[in-house]
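The next block holds one structure in the form of structure tokens; read it before the comments.
Every heavy atom of this structure was used, including side-chain atoms; hydrogens, water molecules and symmetry mates were not. Values in this document were obtained by computation on a predicted structure and should not be read as measured data.
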Amino acid sequence: MAHVQRHPLAAQAAEVLLDRIRAGEWRLGHKLPGETTLAAQLGVGRSTLREAIRELSGKGVLESRQGAGVFVTALEVTEDWDTMLRRADIVTVIEARIAIEAEAAALAAARRTPADLRGMWRALAARAEATGSVEDLVDADTAFHRTVVTAAHNDVLTGMFDAFVPRLRHAMIDMLRLRPLPDEHADHQAHEVLLDAIRARSPEAAASASRVHLSSLKAALG
């Protein structure tokens, strides 16, 4: 028979520290009291305090700086991407995708290389030829949008795009099965407008084209 185990003391100390940070006792960037003082306040040993600090450091809330002390680097524990995306609704994800892709499109217009352009043209042509299953169309569309994001030459934006896309794939497939695109030609033209803006090195036009296109997707899924 399983027994209920006591919550580890270090975890309890970490939770108390986090509660005090949330309450505003130490603001972002501020240094925590010294180890001896803090351990006495919490009623724990210094080794337990160090373990609690390590736990919160691993969660991005605290940072130990050699010779300087322990500093507040976040006011809340950040969820990992997978957990956050599983809880998010589709419209919320698309709103975040608009922010990512509009900025990526603007950067792509400024930074794209001839090789980037060739990749975008190939992906757009493949998208136009994806007349088979809905799954093929969604995957071809995603592949095109990824070439735009990668042309921004920002690894963080690319990583964020790659985290969002799997969350949307099944929703997109389900939506298109229920409500096929009313005008596939117009939808394809929207992608051409985006690519033309990037080719012309117009960040403003590229960001606008991306935002308009994805906002129509949000409206369709909303």
What's the separation between atom [atom1] in [X] and atom [atom2] in [Y], rounded to the nearest 0.5 Å?
X    : Y    : atom1 : atom2 : value
D162 : L157 : CG    : CG    : 11.0 Å
E15  : D19  : CD    : CG    : 5.0 Å
H170 : I173 : NE2   : CD1   : 6.5 Å
R97  : K218 : CZ    : NZ    : 14.0 Å
R122 : T147 : CZ    : OG1   : 9.5 Å
D136 : E129 : CG    : CD    : 12.0 Å

Please give me the minimum heavy-atom distance between [X] and [Y], naming the atom from each residue.
X    : Y    : value
S210 : A105 : CB-CB, 4.0 Å
A140 : A126 : CB-O, 4.2 Å
A209 : V193 : CB-CG1, 4.0 Å
L18  : L56  : N-CD1, 4.2 Å
S215 : R211 : OG-O, 2.7 Å
L32  : L62  : CD1-CD2, 3.9 Å

Report summary line: Taken in chain and number order and not counting sequence neighbours, the residues that satisfy side chain to side chain contact (heavy atoms under 4.5 Å, CB included) with A143 are none

Same apolar cluster: [X] and [Y], side chain cutoff 4.5 Å:
X    : Y    : result
V156 : I100 : yes
V149 : L124 : no
F71  : V61  : no
V70  : I21  : yes
L195 : L214 : no

Side chain [X], main chain [Y], donor-acceptor under 3.5 Å:
X    : Y    : value
D116 : T113 : yes
R111 : A152 : yes
R27  : V72  : no
S202 : A197 : no

Is any side-chain heavy atom of [X] less than 4.5 Å from a side-chain heavy atom of [Y]?
X    : Y    : result
R20  : L42  : yes
R169 : T142 : no
L17  : L38  : yes
V148 : R112 : no
E135 : V138 : no

Query raised in the report: What do the steps show when you test D187 against R127 for side-chain contact (heavy atoms from CB on, under 4.5 Å), and what is the final call?
Result: CA-CA 11 Å; D187 185 67; R127 186 187 182 282; 2.3 Å; yes

Query raised in the report: Checking salt bridge (charged side-chain N to carboxylate O under 4.0 Å, His left out) for the pair R199/E192: CA distance, chi angles, key distance, verdict?
Result: CA-CA 10 Å; R199 180 186 55 79; E192 290 180 331; over 6 Å; no

**Report entry** Within 45° cone of F161 ring axis and under 6.0 Å: R146 NZ or CZ
**Finding:** no

Query raised in the report: Parallel, tilted or perpendicular for H191 and H145, by the 30°/60° rule?
Result: perpendicular

**Report entry** Full working for side-chain contact (heavy atoms from CB on, under 4.5 Å) between L117 and M120
**Finding:** CA-CA 5 Å; L117 271 184; M120 282 184 265; 4.1 Å; yes

Query raised in the report: Counting only heavy atoms not in H30, do more than 12 sit closer than 6.0 Å to its NE2 atom?
Result: yes

Query raised in the report: Is the CG atom of D155 crowded by more than 12 outside heavy atoms at less than 6.0 Å?
Result: no

